[in-house]
**Student:** 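Submitted below is the structure of interest, expressed as C-alpha coordinates.
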Amino acid sequence: MYLLQATSNGISVVLFMGTLGMLVLTIGLILFIIFHQRKVIRYQLKLQQMEQEQQKILLNASIRLQEEERQRLAADLHDDAGPLLATARLYLNENLVNQDKATQLQSIYQARQILDDTIQLIRNISHSLMPPTLKNFGLESAVNDMFQKISGSGQINASSRFHEYKDRLKPEKELIVYRVVQELVNNILKHSNSSFIHLTQNMQNGSCLLRLHHDGRGIVQTDFEKLNKSNIGLGLKNISSRLRVAHGNILFEKDASQTYYKVTIEIPRDDPYESLAV
Amino acid sequence: MTKTIENLFAILHYSVNTIIIILFISFYGKVKQEKAFLAIALYCLIDSILNLTSKYVGLGFTLRLYIWSTFTFVEYLIFTLIIWQSIKNLSIKRMIIYASAAFIVFTTIYNIATNFRRIDSIPIGVETILILVFSFYFLYEQMNDTSSLFIYSKYQFWIIIGFMIYLAGSFFVFILANFMGAGLLQQYWIMTNAIYAIMIVLFAISFFVYDKGNKTNIHKNLRPYLN
(Lines give C-alpha, C1' and ligand atoms only; values in the text may rest on other atoms or scores of the structure.)
Protein backbone atom coordinates (compact mmCIF):
# COMPACT_ATOMS: atom_id res chain seq x y z
CA MET A 1 0.00 0.00 0.00
CA TYR A 2 2.87 2.29 0.85
CA LEU A 3 4.40 1.62 -2.53
CA LEU A 4 1.19 2.43 -4.29
CA GLN A 5 0.89 5.74 -2.49
CA ALA A 6 4.46 6.75 -3.12
CA THR A 7 5.45 9.70 -5.24
CA SER A 8 5.95 9.50 -8.97
CA ASN A 9 9.70 9.28 -8.41
CA GLY A 10 9.23 6.46 -5.91
CA ILE A 11 6.98 4.58 -8.34
CA SER A 12 9.58 4.99 -11.04
CA VAL A 13 12.25 3.38 -8.85
CA VAL A 14 9.94 0.52 -7.82
CA LEU A 15 8.92 0.04 -11.43
CA PHE A 16 12.47 0.03 -12.75
CA MET A 17 13.90 -2.21 -10.05
CA GLY A 18 10.88 -4.54 -10.08
CA THR A 19 10.93 -4.94 -13.85
CA LEU A 20 14.67 -5.45 -13.88
CA GLY A 21 14.45 -7.97 -11.03
CA MET A 22 11.64 -9.92 -12.70
CA LEU A 23 13.51 -10.04 -16.00
CA VAL A 24 16.79 -11.10 -14.37
CA LEU A 25 15.02 -13.80 -12.37
CA THR A 26 13.12 -15.14 -15.36
CA ILE A 27 16.10 -15.11 -17.72
CA GLY A 28 18.31 -16.59 -14.99
CA LEU A 29 15.85 -19.40 -14.42
CA ILE A 30 15.52 -20.13 -18.13
CA LEU A 31 19.31 -20.22 -18.51
CA PHE A 32 19.65 -22.44 -15.43
CA ILE A 33 17.14 -24.92 -16.86
CA ILE A 34 18.84 -24.94 -20.27
CA PHE A 35 22.30 -25.53 -18.82
CA HIS A 36 21.09 -28.07 -16.28
CA GLN A 37 19.30 -30.10 -18.94
CA ARG A 38 22.32 -29.92 -21.25
CA LYS A 39 24.53 -31.14 -18.41
CA VAL A 40 22.20 -34.04 -17.58
CA ILE A 41 21.82 -35.08 -21.23
CA ARG A 42 25.58 -34.91 -21.82
CA TYR A 43 26.16 -37.00 -18.73
CA GLN A 44 23.64 -39.57 -19.97
CA LEU A 45 25.21 -39.61 -23.42
CA LYS A 46 28.61 -40.19 -21.83
CA LEU A 47 27.18 -43.07 -19.80
CA GLN A 48 25.58 -44.55 -22.91
CA GLN A 49 28.86 -44.22 -24.76
CA MET A 50 30.72 -45.99 -21.95
CA GLU A 51 28.09 -48.71 -21.93
CA GLN A 52 28.46 -49.14 -25.69
CA GLU A 53 32.25 -49.33 -25.35
CA GLN A 54 31.87 -52.01 -22.70
CA GLN A 55 29.41 -53.93 -24.88
CA LYS A 56 31.86 -53.71 -27.77
CA ILE A 57 34.71 -55.08 -25.64
CA LEU A 58 32.50 -57.94 -24.43
CA LEU A 59 31.31 -58.71 -27.93
CA ASN A 60 34.89 -58.75 -29.22
CA ALA A 61 35.89 -61.02 -26.36
CA SER A 62 33.02 -63.37 -27.08
CA ILE A 63 33.88 -63.48 -30.82
CA ARG A 64 37.56 -64.09 -30.05
CA LEU A 65 36.64 -66.84 -27.61
CA GLN A 66 34.37 -68.46 -30.17
CA GLU A 67 37.17 -68.33 -32.76
CA GLU A 68 39.66 -69.80 -30.28
CA GLU A 69 37.21 -72.60 -29.48
CA ARG A 70 36.76 -73.32 -33.20
CA GLN A 71 40.52 -73.35 -33.68
CA ARG A 72 40.91 -75.75 -30.76
CA LEU A 73 38.24 -78.03 -32.18
CA ALA A 74 39.78 -77.86 -35.65
CA ALA A 75 43.20 -78.66 -34.16
CA ASP A 76 41.82 -81.60 -32.15
CA LEU A 77 40.07 -83.06 -35.17
CA HIS A 78 42.92 -82.37 -37.58
CA ASP A 79 45.84 -83.37 -35.35
CA ASP A 80 44.29 -86.26 -33.40
CA ALA A 81 41.25 -87.74 -35.14
CA GLY A 82 42.65 -87.22 -38.67
CA PRO A 83 45.92 -89.19 -38.21
CA LEU A 84 44.13 -91.93 -36.25
CA LEU A 85 41.60 -92.50 -39.01
CA ALA A 86 44.36 -92.32 -41.64
CA THR A 87 46.30 -95.01 -39.74
CA ALA A 88 43.20 -97.21 -39.49
CA ARG A 89 42.78 -96.84 -43.25
CA LEU A 90 46.39 -97.97 -43.76
CA TYR A 91 45.69 -101.18 -41.85
CA LEU A 92 42.58 -101.75 -43.96
CA ASN A 93 44.21 -101.20 -47.39
CA GLU A 94 43.56 -103.19 -50.59
CA ASN A 95 46.55 -105.52 -50.05
CA LEU A 96 44.88 -106.94 -46.95
CA VAL A 97 42.97 -109.52 -49.06
CA ASN A 98 46.21 -110.83 -50.53
CA GLN A 99 47.81 -111.47 -47.12
CA ASP A 100 47.58 -114.53 -44.93
CA LYS A 101 44.80 -114.93 -42.41
CA ALA A 102 46.94 -114.20 -39.28
CA THR A 103 48.21 -110.91 -40.74
CA GLN A 104 44.67 -110.03 -41.78
CA LEU A 105 43.36 -110.62 -38.26
CA GLN A 106 46.28 -108.67 -36.80
CA SER A 107 45.55 -105.70 -39.12
CA ILE A 108 41.81 -105.76 -38.39
CA TYR A 109 42.52 -105.89 -34.65
CA GLN A 110 44.89 -102.90 -34.92
CA ALA A 111 42.38 -100.96 -36.99
CA ARG A 112 39.65 -101.70 -34.44
CA GLN A 113 41.90 -100.45 -31.63
CA ILE A 114 42.56 -97.24 -33.51
CA LEU A 115 38.85 -96.75 -34.27
CA ASP A 116 38.06 -97.24 -30.56
CA ASP A 117 40.66 -94.60 -29.69
CA THR A 118 39.11 -92.26 -32.27
CA ILE A 119 35.63 -92.82 -30.85
CA GLN A 120 36.95 -92.01 -27.37
CA LEU A 121 38.69 -88.89 -28.69
CA ILE A 122 35.54 -87.64 -30.41
CA ARG A 123 33.56 -88.39 -27.25
CA ASN A 124 36.03 -86.30 -25.24
CA ILE A 125 35.72 -83.41 -27.69
CA SER A 126 31.95 -83.68 -27.53
CA HIS A 127 32.01 -83.77 -23.71
CA SER A 128 34.18 -80.69 -23.58
CA LEU A 129 31.57 -78.92 -25.74
CA MET A 130 28.61 -80.02 -23.64
CA PRO A 131 29.24 -82.13 -20.54
CA PRO A 132 26.73 -85.01 -20.51
CA THR A 133 26.55 -84.96 -16.70
CA LEU A 134 25.30 -81.38 -16.83
CA LYS A 135 22.73 -82.20 -19.47
CA ASN A 136 21.47 -85.35 -17.78
CA PHE A 137 21.93 -84.74 -14.05
CA GLY A 138 22.22 -80.98 -13.63
CA LEU A 139 24.64 -78.39 -12.30
CA GLU A 140 25.25 -80.01 -8.93
CA SER A 141 26.41 -83.34 -10.41
CA ALA A 142 28.42 -81.65 -13.18
CA VAL A 143 30.28 -79.37 -10.76
CA ASN A 144 30.88 -82.21 -8.29
CA ASP A 145 32.15 -84.33 -11.16
CA MET A 146 34.48 -81.55 -12.31
CA PHE A 147 35.88 -81.07 -8.78
CA GLN A 148 36.34 -84.83 -8.27
CA LYS A 149 38.34 -85.04 -11.50
CA ILE A 150 40.53 -82.11 -10.43
CA SER A 151 41.03 -83.58 -6.99
CA GLY A 152 41.74 -86.99 -8.56
CA SER A 153 44.75 -85.55 -10.36
CA GLY A 154 46.41 -85.25 -6.94
CA GLN A 155 47.85 -81.81 -7.76
CA ILE A 156 45.32 -79.79 -5.77
CA ASN A 157 42.66 -80.41 -3.17
CA ALA A 158 39.29 -79.59 -4.74
CA SER A 159 35.87 -80.02 -3.14
CA SER A 160 32.34 -78.76 -3.74
CA ARG A 161 29.14 -78.85 -1.73
CA PHE A 162 25.63 -77.83 -2.77
CA HIS A 163 23.50 -77.03 0.30
CA GLU A 164 20.21 -75.82 -1.17
CA TYR A 165 19.81 -76.97 -4.73
CA LYS A 166 16.59 -78.94 -4.71
CA ASP A 167 14.98 -76.73 -7.32
CA ARG A 168 17.29 -76.65 -10.30
CA LEU A 169 17.89 -73.53 -12.37
CA LYS A 170 16.79 -73.52 -16.01
CA PRO A 171 19.11 -75.64 -18.21
CA GLU A 172 20.38 -72.51 -20.04
CA LYS A 173 21.24 -70.85 -16.73
CA GLU A 174 22.89 -74.02 -15.44
CA LEU A 175 25.10 -74.10 -18.52
CA ILE A 176 26.05 -70.45 -17.98
CA VAL A 177 26.92 -71.05 -14.33
CA TYR A 178 28.85 -74.19 -15.22
CA ARG A 179 30.91 -72.35 -17.85
CA VAL A 180 31.62 -69.52 -15.40
CA VAL A 181 32.74 -71.97 -12.70
CA GLN A 182 34.82 -73.83 -15.29
CA GLU A 183 36.54 -70.59 -16.35
CA LEU A 184 37.17 -69.55 -12.75
CA VAL A 185 38.58 -72.96 -11.80
CA ASN A 186 40.70 -72.95 -14.93
CA ASN A 187 42.10 -69.52 -13.98
CA ILE A 188 42.79 -70.68 -10.42
CA LEU A 189 44.62 -73.78 -11.68
CA LYS A 190 46.63 -71.74 -14.19
CA HIS A 191 47.53 -68.62 -12.24
CA SER A 192 46.88 -68.90 -8.50
CA ASN A 193 49.30 -71.62 -7.40
CA SER A 194 46.86 -72.48 -4.62
CA SER A 195 46.73 -75.69 -2.60
CA PHE A 196 42.95 -76.00 -2.45
CA ILE A 197 39.73 -74.87 -4.15
CA HIS A 198 36.45 -75.15 -2.34
CA LEU A 199 33.01 -74.40 -3.78
CA THR A 200 29.79 -74.00 -1.76
CA GLN A 201 26.26 -73.31 -2.92
CA ASN A 202 23.49 -71.58 -0.95
CA MET A 203 20.27 -69.69 -1.51
CA GLN A 204 19.91 -66.10 -0.32
CA ASN A 205 17.03 -63.68 -0.95
CA GLY A 206 15.72 -65.78 -3.81
CA SER A 207 19.11 -65.95 -5.52
CA CYS A 208 21.44 -68.88 -6.00
CA LEU A 209 24.88 -68.11 -4.55
CA LEU A 210 28.04 -70.01 -5.43
CA ARG A 211 31.20 -69.22 -3.47
CA LEU A 212 34.65 -70.30 -4.56
CA HIS A 213 37.52 -70.14 -2.06
CA HIS A 214 41.19 -70.69 -2.77
CA ASP A 215 44.43 -69.88 -0.95
CA GLY A 216 46.61 -68.86 -3.87
CA ARG A 217 47.17 -65.58 -5.71
CA GLY A 218 43.94 -63.92 -6.77
CA ILE A 219 42.21 -60.73 -7.81
CA VAL A 220 39.73 -58.39 -6.14
CA GLN A 221 36.76 -56.56 -7.65
CA THR A 222 38.73 -53.48 -8.75
CA ASP A 223 41.23 -55.69 -10.59
CA PHE A 224 38.34 -57.54 -12.23
CA GLU A 225 36.70 -54.29 -13.38
CA LYS A 226 40.02 -52.95 -14.65
CA LEU A 227 40.73 -56.14 -16.59
CA ASN A 228 37.20 -56.12 -17.93
CA LYS A 229 37.73 -52.70 -19.48
CA SER A 230 41.17 -53.46 -20.86
CA ASN A 231 42.07 -55.50 -23.91
CA ILE A 232 43.48 -58.37 -21.86
CA GLY A 233 41.59 -60.88 -19.73
CA LEU A 234 39.49 -62.61 -22.37
CA GLY A 235 38.19 -65.24 -19.95
CA LEU A 236 37.03 -62.62 -17.44
CA LYS A 237 35.19 -60.70 -20.15
CA ASN A 238 33.55 -63.91 -21.15
CA ILE A 239 32.43 -64.43 -17.54
CA SER A 240 30.94 -60.93 -17.53
CA SER A 241 29.05 -61.40 -20.76
CA ARG A 242 27.71 -64.79 -19.70
CA LEU A 243 26.52 -63.43 -16.34
CA ARG A 244 24.92 -60.46 -18.02
CA VAL A 245 22.79 -62.84 -20.08
CA ALA A 246 21.68 -64.63 -16.89
CA HIS A 247 21.16 -61.26 -15.06
CA GLY A 248 23.74 -62.47 -12.55
CA ASN A 249 26.54 -60.78 -10.62
CA ILE A 250 30.05 -61.69 -9.62
CA LEU A 251 32.16 -60.39 -6.74
CA PHE A 252 35.88 -60.93 -6.31
CA GLU A 253 37.15 -60.25 -2.81
CA LYS A 254 39.61 -61.27 -0.15
CA ASP A 255 38.35 -63.18 2.86
CA ALA A 256 37.93 -61.24 6.12
CA SER A 257 40.97 -63.10 7.46
CA GLN A 258 42.97 -61.86 4.41
CA THR A 259 44.13 -65.45 3.87
CA TYR A 260 41.82 -66.64 1.14
CA TYR A 261 40.44 -65.22 -2.04
CA LYS A 262 36.71 -65.52 -2.48
CA VAL A 263 34.61 -65.33 -5.66
CA THR A 264 30.84 -65.07 -5.25
CA ILE A 265 28.50 -65.72 -8.16
CA GLU A 266 24.90 -64.60 -7.70
CA ILE A 267 22.23 -65.86 -10.07
CA PRO A 268 18.60 -64.80 -9.57
CA ARG A 269 16.13 -67.65 -9.39
CA ASP A 270 14.11 -68.36 -12.47
CA ASP A 271 11.20 -66.16 -13.26
CA PRO A 272 8.63 -68.17 -15.26
CA TYR A 273 8.08 -65.20 -17.60
CA GLU A 274 11.74 -64.32 -17.92
CA SER A 275 13.69 -64.87 -21.12
CA LEU A 276 17.46 -65.01 -21.29
CA ALA A 277 17.74 -62.17 -23.76
CA VAL A 278 20.14 -59.34 -22.93
CA MET B 1 11.49 13.70 -29.45
CA THR B 2 9.66 11.48 -26.92
CA LYS B 3 6.65 11.41 -29.20
CA THR B 4 8.81 10.27 -32.10
CA ILE B 5 10.32 7.45 -30.04
CA GLU B 6 6.82 6.46 -28.90
CA ASN B 7 5.63 6.38 -32.49
CA LEU B 8 8.67 4.36 -33.51
CA PHE B 9 7.94 1.76 -30.86
CA ALA B 10 4.28 1.70 -31.84
CA ILE B 11 5.33 1.03 -35.43
CA LEU B 12 7.69 -1.68 -34.15
CA HIS B 13 4.74 -3.22 -32.30
CA TYR B 14 2.62 -3.43 -35.45
CA SER B 15 5.58 -4.56 -37.56
CA VAL B 16 6.46 -7.52 -35.37
CA ASN B 17 2.80 -8.55 -35.26
CA THR B 18 2.71 -8.40 -39.04
CA ILE B 19 5.88 -10.51 -39.24
CA ILE B 20 4.22 -13.28 -37.23
CA ILE B 21 1.12 -13.20 -39.43
CA ILE B 22 3.33 -13.33 -42.54
CA LEU B 23 5.35 -16.19 -41.06
CA PHE B 24 2.18 -18.09 -40.21
CA ILE B 25 0.91 -17.69 -43.77
CA SER B 26 4.29 -18.71 -45.26
CA PHE B 27 4.66 -21.75 -43.04
CA TYR B 28 0.96 -22.61 -43.11
CA GLY B 29 1.45 -25.88 -44.98
CA LYS B 30 3.96 -27.07 -42.38
CA VAL B 31 2.45 -25.67 -39.17
CA LYS B 32 -1.26 -26.16 -39.77
CA GLN B 33 -1.32 -29.24 -37.55
CA GLU B 34 0.09 -27.30 -34.59
CA LYS B 35 -2.65 -25.27 -32.91
CA ALA B 36 -0.03 -23.21 -31.03
CA PHE B 37 1.03 -21.39 -34.20
CA LEU B 38 -2.55 -20.59 -35.13
CA ALA B 39 -3.04 -19.31 -31.55
CA ILE B 40 -0.04 -16.96 -31.67
CA ALA B 41 -0.98 -15.68 -35.14
CA LEU B 42 -4.47 -15.02 -33.83
CA TYR B 43 -3.04 -13.29 -30.76
CA CYS B 44 -0.93 -10.96 -32.90
CA LEU B 45 -3.87 -10.22 -35.17
CA ILE B 46 -6.21 -9.41 -32.26
CA ASP B 47 -3.53 -7.26 -30.61
CA SER B 48 -2.99 -5.26 -33.79
CA ILE B 49 -6.70 -4.78 -34.43
CA LEU B 50 -7.35 -3.64 -30.85
CA ASN B 51 -4.37 -1.27 -30.84
CA LEU B 52 -5.37 0.26 -34.15
CA THR B 53 -9.03 0.52 -33.12
CA SER B 54 -8.31 2.19 -29.82
CA LYS B 55 -5.88 4.60 -31.46
CA TYR B 56 -7.66 5.57 -34.65
CA VAL B 57 -11.36 4.84 -34.10
CA GLY B 58 -13.08 7.30 -31.79
CA LEU B 59 -14.29 4.91 -29.11
CA GLY B 60 -15.58 6.07 -25.77
CA PHE B 61 -13.29 5.77 -22.71
CA THR B 62 -15.42 3.09 -20.99
CA LEU B 63 -15.77 1.03 -24.15
CA ARG B 64 -12.01 1.16 -24.62
CA LEU B 65 -11.51 -0.05 -21.06
CA TYR B 66 -13.87 -2.97 -21.65
CA ILE B 67 -12.13 -3.85 -24.89
CA TRP B 68 -8.75 -3.95 -23.11
CA SER B 69 -10.06 -5.96 -20.20
CA THR B 70 -11.50 -8.42 -22.73
CA PHE B 71 -8.05 -8.56 -24.31
CA THR B 72 -6.56 -9.63 -20.94
CA PHE B 73 -9.06 -12.43 -21.01
CA VAL B 74 -8.21 -13.46 -24.58
CA GLU B 75 -4.45 -13.20 -23.91
CA TYR B 76 -4.78 -15.43 -20.85
CA LEU B 77 -6.78 -18.03 -22.78
CA ILE B 78 -4.34 -18.11 -25.72
CA PHE B 79 -1.23 -18.34 -23.53
CA THR B 80 -2.81 -20.96 -21.28
CA LEU B 81 -4.02 -23.03 -24.21
CA ILE B 82 -0.48 -23.20 -25.63
CA ILE B 83 1.06 -24.14 -22.27
CA TRP B 84 -1.76 -26.62 -21.57
CA GLN B 85 -1.04 -28.36 -24.89
CA SER B 86 2.68 -28.52 -24.15
CA ILE B 87 2.39 -30.03 -20.64
CA LYS B 88 2.21 -33.82 -20.39
CA ASN B 89 1.15 -34.35 -16.75
CA LEU B 90 -2.61 -34.95 -16.76
CA SER B 91 -3.24 -33.86 -13.17
CA ILE B 92 -1.43 -30.56 -13.79
CA LYS B 93 -3.49 -30.10 -16.95
CA ARG B 94 -6.63 -30.59 -14.88
CA MET B 95 -5.37 -28.07 -12.33
CA ILE B 96 -4.75 -25.55 -15.11
CA ILE B 97 -8.39 -25.95 -16.20
CA TYR B 98 -9.63 -25.34 -12.63
CA ALA B 99 -7.32 -22.34 -12.19
CA SER B 100 -8.48 -20.93 -15.53
CA ALA B 101 -12.13 -21.34 -14.59
CA ALA B 102 -11.45 -19.53 -11.29
CA PHE B 103 -9.58 -16.78 -13.15
CA ILE B 104 -12.42 -16.27 -15.63
CA VAL B 105 -14.97 -15.98 -12.81
CA PHE B 106 -12.72 -13.60 -10.88
CA THR B 107 -11.99 -11.38 -13.91
CA THR B 108 -15.65 -11.16 -14.88
CA ILE B 109 -16.71 -10.17 -11.35
CA TYR B 110 -13.79 -7.74 -11.03
CA ASN B 111 -14.52 -6.03 -14.35
CA ILE B 112 -18.19 -5.61 -13.50
CA ALA B 113 -17.70 -4.54 -9.89
CA THR B 114 -14.63 -2.28 -10.11
CA ASN B 115 -14.09 1.08 -11.74
CA PHE B 116 -10.46 1.28 -12.80
CA ARG B 117 -8.71 4.37 -14.10
CA ARG B 118 -6.68 3.11 -17.02
CA ILE B 119 -6.29 -0.64 -17.20
CA ASP B 120 -7.41 -3.72 -15.31
CA SER B 121 -4.19 -4.02 -13.26
CA ILE B 122 -5.35 -6.71 -10.85
CA PRO B 123 -6.61 -9.23 -13.45
CA ILE B 124 -3.41 -8.60 -15.45
CA GLY B 125 -1.34 -9.23 -12.30
CA VAL B 126 -3.20 -12.46 -11.55
CA GLU B 127 -2.92 -13.50 -15.21
CA THR B 128 0.85 -12.86 -15.16
CA ILE B 129 1.36 -14.88 -11.99
CA LEU B 130 -0.73 -17.79 -13.29
CA ILE B 131 0.99 -17.87 -16.71
CA LEU B 132 4.43 -17.62 -15.08
CA VAL B 133 3.60 -20.52 -12.73
CA PHE B 134 2.34 -22.66 -15.65
CA SER B 135 5.42 -21.75 -17.70
CA PHE B 136 7.78 -22.63 -14.84
CA TYR B 137 6.04 -25.96 -14.52
CA PHE B 138 6.48 -26.57 -18.26
CA LEU B 139 10.22 -25.86 -17.95
CA TYR B 140 10.45 -28.07 -14.87
CA GLU B 141 8.74 -30.91 -16.73
CA GLN B 142 11.08 -30.49 -19.68
CA MET B 143 14.10 -30.35 -17.39
CA ASN B 144 13.20 -33.73 -15.94
CA ASP B 145 12.35 -35.25 -19.30
CA THR B 146 15.85 -36.28 -20.31
CA SER B 147 14.51 -38.81 -22.78
CA SER B 148 13.57 -36.03 -25.15
CA LEU B 149 15.84 -33.72 -27.10
CA PHE B 150 17.50 -30.59 -25.76
CA ILE B 151 14.86 -28.25 -24.41
CA TYR B 152 15.65 -25.53 -26.95
CA SER B 153 15.06 -27.85 -29.87
CA LYS B 154 11.34 -27.78 -29.09
CA TYR B 155 9.33 -24.98 -30.63
CA GLN B 156 7.09 -24.74 -27.53
CA PHE B 157 10.12 -23.71 -25.47
CA TRP B 158 10.64 -20.57 -27.57
CA ILE B 159 6.96 -19.60 -27.41
CA ILE B 160 6.77 -20.13 -23.66
CA ILE B 161 9.96 -18.24 -22.83
CA GLY B 162 8.48 -15.47 -24.98
CA PHE B 163 5.45 -15.37 -22.65
CA MET B 164 7.70 -15.44 -19.60
CA ILE B 165 9.94 -12.58 -20.66
CA TYR B 166 7.01 -10.44 -21.80
CA LEU B 167 4.95 -11.04 -18.67
CA ALA B 168 7.91 -10.66 -16.29
CA GLY B 169 9.03 -7.46 -18.01
CA SER B 170 5.60 -5.83 -18.14
CA PHE B 171 4.29 -7.05 -14.77
CA PHE B 172 5.20 -3.93 -12.73
CA VAL B 173 4.16 -1.51 -15.48
CA PHE B 174 0.69 -3.03 -15.63
CA ILE B 175 0.39 -3.34 -11.86
CA LEU B 176 1.33 0.31 -11.23
CA ALA B 177 -0.28 1.76 -14.39
CA ASN B 178 -3.27 3.19 -12.49
CA PHE B 179 -1.01 4.99 -10.00
CA MET B 180 1.46 6.54 -12.45
CA GLY B 181 1.48 9.89 -14.10
CA ALA B 182 0.69 9.94 -17.83
CA GLY B 183 4.26 10.98 -18.73
CA LEU B 184 5.91 8.22 -16.74
CA LEU B 185 3.48 5.65 -18.12
CA GLN B 186 4.31 6.73 -21.67
CA GLN B 187 8.03 6.27 -20.97
CA TYR B 188 7.54 2.80 -19.55
CA TRP B 189 5.11 1.92 -22.31
CA ILE B 190 8.11 2.17 -24.66
CA MET B 191 9.88 -0.46 -22.57
CA THR B 192 6.78 -2.68 -22.63
CA ASN B 193 6.70 -2.36 -26.41
CA ALA B 194 10.37 -3.35 -26.61
CA ILE B 195 9.76 -6.42 -24.45
CA TYR B 196 6.72 -7.25 -26.56
CA ALA B 197 8.96 -7.13 -29.64
CA ILE B 198 11.38 -9.57 -27.94
CA MET B 199 8.47 -11.95 -27.30
CA ILE B 200 7.43 -11.78 -30.94
CA VAL B 201 11.03 -12.44 -32.05
CA LEU B 202 11.00 -15.55 -29.86
CA PHE B 203 7.69 -16.58 -31.45
CA ALA B 204 9.28 -16.14 -34.86
CA ILE B 205 12.21 -18.35 -33.81
CA SER B 206 9.70 -21.05 -32.82
CA PHE B 207 8.48 -21.26 -36.46
CA PHE B 208 12.02 -21.92 -37.69
CA VAL B 209 12.76 -24.37 -34.87
CA TYR B 210 9.60 -26.31 -35.74
CA ASP B 211 10.49 -26.30 -39.43
CA LYS B 212 14.06 -27.48 -38.72
CA GLY B 213 12.79 -30.21 -36.38
CA ASN B 214 10.39 -31.42 -39.03
CA LYS B 215 13.16 -31.64 -41.63
CA THR B 216 15.34 -33.66 -39.25
CA ASN B 217 12.43 -36.02 -38.53
CA ILE B 218 11.79 -36.56 -42.23
CA HIS B 219 15.40 -37.70 -42.65
CA LYS B 220 15.15 -39.93 -39.60
CA ASN B 221 12.10 -41.69 -41.00
CA LEU B 222 13.76 -42.50 -44.30
CA ARG B 223 14.34 -46.22 -44.67
CA PRO B 224 16.77 -47.54 -47.25
CA TYR B 225 15.15 -49.71 -49.87
CA LEU B 226 16.44 -53.18 -49.15
CA ASN B 227 15.44 -55.74 -51.68
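A quick note: this is a predicted structure, and the numbers were derived from the prediction, not measured. Residue numbers begin at 1 in each chain, while the letters A, B, ... track the order of the sequences.
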**Student:** Roughly how far apart are A:Leu29 CG and B:Leu132 CG, rounded to 0.5 Å?
**Tutor:** 10.0 Å
**Student:** Supply the atom-to-atom distance B:Thr128 OG1 to A:Met22 CE, rounded to the nearest 0.5 angstrom.
**Tutor:** 7.0 Å
**Student:** Under 6.0 Å from the CG atom of A:Asp79, do we count more than 12 heavy atoms belonging to anything else shown?
**Tutor:** yes
**Student:** Please flag which part of A:Ile27 lies under 4.5 Å from any non-hydrogen atom of chain B: side chain, backbone, both or neither.
**Tutor:** side chain
**Student:** Looking at CE of B:Met164 and CG of A:Leu25, how far apart are the two atoms once the value is rounded to the nearest 0.5 Å?
**Tutor:** 10.0 Å
**Student:** Does B:Tyr140, at its OH atom, have more than 12 non-hydrogen atoms belonging to other residues, nucleotides or ligands within less than 6.0 Å?
**Tutor:** no
**Student:** Might you confirm whether atom OH of A:Tyr260 has over 12 heavy atoms from other residues, nucleotides or ligands at distances under 6.0 Å?
**Tutor:** no
**Student:** Just wondering, are more than 12 heavy atoms of other shown residues or ligands nearer than 6.0 Å to NZ in B:Lys93?
**Tutor:** yes
**Student:** Using a 4.5 angstrom heavy-atom cutoff, name the option from A:Thr19, A:Leu23, A:Leu15 with the most pairs to chain B.
**Tutor:** A:Leu15
**Student:** Given the rule in the side-chain contact (heavy atoms from CB on, under 4.5 Å) test, do B:Tyr188 and A:Phe16 qualify, once you have shown the distances and angles that lead to the verdict?
**Tutor:** CA-CA 9 Å; B:Tyr188 275 95; A:Phe16 181 75; 3.4 Å; yes
**Student:** Checking B:Ser135 now: which residues fulfil side chain to side chain donor-acceptor pair (under 3.5 Å) with it, not counting sequence neighbours?
**Tutor:** none
**Student:** I want to check something: taking the side chain as every heavy atom from C-beta on, are B:Tyr152 and A:Gln37 in contact at a cut-off of under 4.5 Å?
**Tutor:** no
**Student:** Atom CD1 in A:Ile33, atom CD1 in B:Ile161: separation rounded to 0.5 Å?
**Tutor:** 10.5 Å
**Student:** Take atom CH2 of B:Trp84 as the centre, draw a 6.0 Å sphere, and report whether it contains more than 12 heavy atoms from other residues, nucleotides or ligands.
**Tutor:** no
